Every structure is written in structure tokens, then in C-alpha cells.
Amino acid sequence: QVQFVESGGGLVQPGGSLRLSCAASGITLDYYAIGWFRQVPGKEREGVSCLSPSDGTIYYGDSVKGRFTLSRANAKNTVYLQMNSLKPEDTAVYYCAAVAYVCSGALHEYDYWGQGTQVTVSS
């Protein structure tokens with residue numbers, strides 16, 4: 001059974017940091033692009049970052065570039081999203097997702113999704 005489980009969300013003050021984890025089971029991540037997305041209720045789900053396995057290219061949305069860092073630990077079958085300099089506008093449910101081979105900006109192309117973890121940035 002393929003499973004993706006996000007963790008690490010919580011309440012953090014503006015300017016603070018948080019590290020999200022995405023643990024995968026029932027699948028190897030070697031050939032999957034792993035993306036992070038976020039969604040505010042009533043808004044479209046937004047791409048945050050994605051790692052392409054073919055060439056190691058990491059993509060970041062403009063709103064998070066320079067603040068967020070995606071990384072992968074293959075031995076642990078886990079992907080991380082380090083979030084620094086957090087802003088209130090970063091508040092959202094964060095999801096990890098996987099699509100075969102290449103990052104995609106089209107949500108419907110992703111094969112697997114986690115359940116999401118809530119990140120709240122507030123004083």
C-alpha cells in the first residue's frame with residue numbers, strides 16, 4: 001500500500017522556521033518527483049516546491065524562493081521542506097505529492113498525495 005504521511009506542521013511566529021517531513025511507504029522515491037503544495041480554505045492549491053529525480057533540479061514557487069528548501073533522504077524514504085522566514089501568508093495546509101519521473105505543475109498529474117499538515121504563522 002502506497003502511503004505518504006506529512007508531519008511537522010504547527011504554530012510558528014512570523015520570521016520563525018519549521019521543517020516539514022513527508023514519509024513514503026510502499027514505494028521507492030528514486031523515480032518519482034516529489035512536490036510540496038499548500039492550500040488555504042477556499043483557495044486553489046498552490047505549488048511550493050518540487051524535486052525532479054532525473055536531474056536533481058529543484059523548483060520553487062516565487063513566493064517561497066530563498067526561504068524554503070526541499071531535500072530528500074533516500075535512505076529514510078523521506079522528503080523534507082525546510083521553511084525559514086515564515087510569513088502569515090504562508091499559513092496553509094501543506095501536502096506532499098509524487099508524480100513519476102518529472103515535476104509537473106498540473107495537480108491532476110500527481111499520482112499520490114499525503115493527507116496534509118497544518119502550518120499556521122501568527123503572532
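On a predicted model such as this, the values are computed, not experimentally measured, just so you know.
Taken from OG in S17 to CD in Q82, the straight-line distance is 5.5 Å, to the nearest 0.5 Å.
Among residue pairs with one or both ends in residues 36-68, those qualifying as disulfide (SG to SG under 2.5 Å) are C50-C103; sequence neighbours excluded. Within the structure, disulfide (SG to SG under 2.5 Å) pairs that include any residue of residues 16-48 comprise C22-C96 (at least two apart or interchain).
The side-chain contact (heavy atoms from CB on, under 4.5 Å) check on A92 picks up R38, V40, Y94, with sequence neighbours excluded. Partners of K43 under the salt bridge (Lys or Arg N to Asp or Glu O under 4.0 Å) rule, at least two apart in sequence or in another chain, do not exist in this structure. Applying the side-chain contact (heavy atoms from CB on, under 4.5 Å) test to L70 and every residue at least two apart in sequence or in another chain returns W36, S49, L51, I58, Y60, V79, L81. Not a single side chain to side chain donor-acceptor pair (under 3.5 Å) links Q13 to another residue, sequence neighbours left out. For the side-chain contact (heavy atoms from CB on, under 4.5 Å) test, residues two or more places apart in sequence or in another chain that qualify with S71 are Y80. Under the side-chain contact (heavy atoms from CB on, under 4.5 Å) criterion, L11 pairs with T120, S122, sequence neighbours left out. A search for salt bridge (Lys or Arg N to Asp or Glu O under 4.0 Å) contacts involving R67 returns D90, not counting sequence neighbours. For the side chain to side chain donor-acceptor pair (under 3.5 Å) test, no residue two or more places apart in sequence or in another chain qualifies with Y95. With sequence neighbours left out, the side chain to side chain donor-acceptor pair (under 3.5 Å) criterion links T69 to no other residue. Partners of D55 under the side chain to side chain donor-acceptor pair (under 3.5 Å) rule, at least two apart in sequence or in another chain, are T57.
Side-chain heavy atoms closer than 4.5 Å link hydrophobic residues (I, L, V, M, F, W, Y) into clusters, and following such links, possibly through other members, connects V12 to V64. F4 and F37 are not part of a single hydrophobic cluster, where members link through side-chain heavy atoms under 4.5 Å apart. Transitive grouping of hydrophobic side chains (ILVMFWY, heavy atoms separated by less than 4.5 Å) keeps V99 and V2 in distinct clusters. In the hydrophobic clustering of ILVMFWY residues, with side-chain heavy atoms under 4.5 Å counting as a link, L29 and Y112 come out together. Grouping the Ile, Leu, Val, Met, Phe, Trp and Tyr side chains by contacts below 4.5 angstrom, directly or via other members, places L107 apart from V48.
S104 places a side-chain N or O within donor-acceptor distance of the main-chain N or O of A106, the cut-off being under 3.5 Å.
No hydrogens or angles considered: nothing links the side chains of T117 and E6 as a donor-acceptor pair under 3.5 Å.
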